[in-house]
Amino acid sequence: MLTIDVLTLFPELITTPLSQSIMGRASDKGIIEVRAHQLRDWAHDKHHRTDDYLCGGGQGMLMKCEPIFEAIEQLRRENTKVILMTPQGRVFSQPVARELAAPCVDGGDAHYIFLCGHYEGVDHRVIETLVDMELSIGDYILTNGAIAAVVVIDAIARLLPGALGDARSSEEESFADGLLEAPAYTKPNVFRGMSVPEVFLSGNHKAIAEWKLDHALERTRTNRPDLYEAWAAAHPEHFSPKKKKRTKLTHYKNRKPEQSE
C-alpha cells in the first residue's frame with residue numbers, strides 16, 4: 001500500500017481533487033491513503049506562524065524550520081521518503097512516477113511525506129537535513145506547492161496495481177514507452193464527414209499496432225522533438241532501410257470530408 005502524508009498550508013487543495021474519480025476509487029480500495037495536514041498545527045506561537053523574513057534581507061517570506069522539523073519527525077517512519085515540491089527540484093516525469101510507484105508495484109509498501117513549499121520556499125536547513133528528493137513539475141511558478149503535489153500523487157497512483165479499471169491503460173498512455181500516445185477514436189465511425197481510419201475497422205491487430213506506432217512517432221516528432229530524438233536513438237532498427245514502408249494516413253485537417261452514413 002502507498003501511504004502519503006502531505007504538509008501544506010492549504011490542505012483542502014489536496015483533499016478535494018484527490019477524493020474524486022480514479023484517486024477516490026483507489027483510496028476506497030485501500031490501494032493508496034493520502035492524508036493532508038495543516039502545517040500550522042506544528043507552529044506553537046500565538047499566531048501559528050510558519051514563515052518569517054529572510055536572513056540577510058530580500059523580498060518575500062521563507063518557511064520556518066521549527067514547524068517542518070516537528071511535523072516530519074512526528075510523521076516519519078522507517079521507510080519514509082520526504083519529497084519537497086519546489087521549482088528548484090528535479091523535473092517530474094513518467095519515469096520518476098514509475099520510480100516512486102515501484103515499491104508498491106512490486107507488492108511492497110511505501111510512505112512519502114510531501115512537503116509543499118510556499119512563499120519564497122523553505123529554510124535550506126530543512127533541505128539539508130530532512131529532504132530526500134526535490135521535485136518540480138515544470139519551469140514555471142505556481143501559487144503554492146500543494147497544486148504540484150496533487151499532480152505528482154495522481155501520476156503515481158495511476159501506476160499502482162488495481163487503480164485503473166484495465167491494467168493495460170497505464171501501459172498504453174502517453175510517455176509509457178517514451179512516446180506521446182497515438183490518436184484515438186470511438187463511435188460513430190463517420191461524424192460530420194470525418195471517418196475513423198479504416199485500419200481500426202479491419203480487425204487486423206498487427207496493422208492497428210503499426211498504425212498506432214507510426215502516428216505516435218509523428219505526433220511526438222511534431223509536439224515533442226526531444227522525446228522523438230531520444231526514442232529514435234534508442235530504436236535505430238525502426239528506421240532501417242530494409243524496414244517495410246507503411247502507408248501514412250493524413251490528419252483530418254488534410255483530408256477531404258466524406259459523406260455521412
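Because only heavy atoms are used, hydrogens play no part in the values below, and waters and symmetry mates are left out as well, while side chains stay in.
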Closest approach of [X] and [Y], non-hydrogen atoms and distance?
{"X": "E120", "Y": "L62", "value": "O-CD1, 3.5 Å"}
{"X": "A234", "Y": "P236", "value": "C-CD, 3.3 Å"}
{"X": "I31", "Y": "A163", "value": "CD1-N, 3.7 Å"}
{"X": "S195", "Y": "V190", "value": "OG-CG2, 3.6 Å"}

Under 3.5 Å: donor-acceptor pair, side chain of [X], backbone of [Y]:
{"X": "R90", "Y": "E134", "answer": "no"}
{"X": "S27", "Y": "G24", "answer": "no"}
{"X": "S21", "Y": "M23", "answer": "no"}
{"X": "K64", "Y": "D52", "answer": "no"}
{"X": "D106", "Y": "G108", "answer": "no"}
{"X": "R219", "Y": "E181", "answer": "yes"}

Is [X] salt-bridged to [Y], going by a charged N under 4.0 Å from an acidic O?
{"X": "E218", "Y": "R221", "result": "yes"}
{"X": "E210", "Y": "K212", "result": "no"}
{"X": "R35", "Y": "D5", "result": "yes"}

Residue pairs fulfilling ring-ring contact (aromatic ring centres under 6.0 Å, His included) with at least one residue in residues 3-34, sequence neighbours excluded: F10-H118
Do [X] and [Y] make a side-chain contact, defined as non-hydrogen atoms from C-beta onward lying under 4.5 Å apart?
{"X": "I147", "Y": "M85", "result": "no"}
{"X": "T86", "Y": "L135", "result": "no"}
{"X": "D177", "Y": "Q94", "result": "no"}
{"X": "F92", "Y": "S136", "result": "no"}
{"X": "L84", "Y": "I127", "result": "yes"}
{"X": "M61", "Y": "R49", "result": "yes"}

Is it true that the side chains of [X] and [Y] contain a donor and an acceptor less than 3.5 Å apart?
{"X": "H111", "Y": "T3", "result": "no"}
{"X": "W42", "Y": "Q74", "result": "yes"}
{"X": "H48", "Y": "Q38", "result": "no"}

Do R98 and L159 pass the side chain to side chain contact (heavy atoms under 4.5 Å, CB included) test, and can you show the C-alpha distance, the side-chain angles, and the key distance before you say yes or no? CA-CA 7 Å; R98 286 195 292 266; L159 300 174; 3.7 Å; yes
Could you walk me through whether N204 and V199 pass the side chain to side chain contact (heavy atoms under 4.5 Å, CB included) test, one step at a time? CA-CA 7 Å; N204 186 331; V199 68; 5.8 Å; no
Begin with the C-alpha distance, continue with both residues' side-chain angles, and end with the deciding distance and a verdict on side chain to side chain contact (heavy atoms under 4.5 Å, CB included) for V6 and I153. CA-CA 10 Å; V6 184; I153 294 169; 3.9 Å; yes
Taking only residues two or more places apart in sequence or in another chain, which ones pass salt bridge (Lys or Arg N to Asp or Glu O under 4.0 Å) with D109?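 Scan of D109 (salt bridge (Lys or Arg N to Asp or Glu O under 4.0 Å), adjacent residues dropped) gives none.
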What pairs with H235 under ring-ring contact (aromatic ring centres under 6.0 Å, His included), at least two apart in sequence or on another chain?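 Partners of H235 by the ring-ring contact (aromatic ring centres under 6.0 Å, His included) criterion, ordered by chain and then number, come out as W231.
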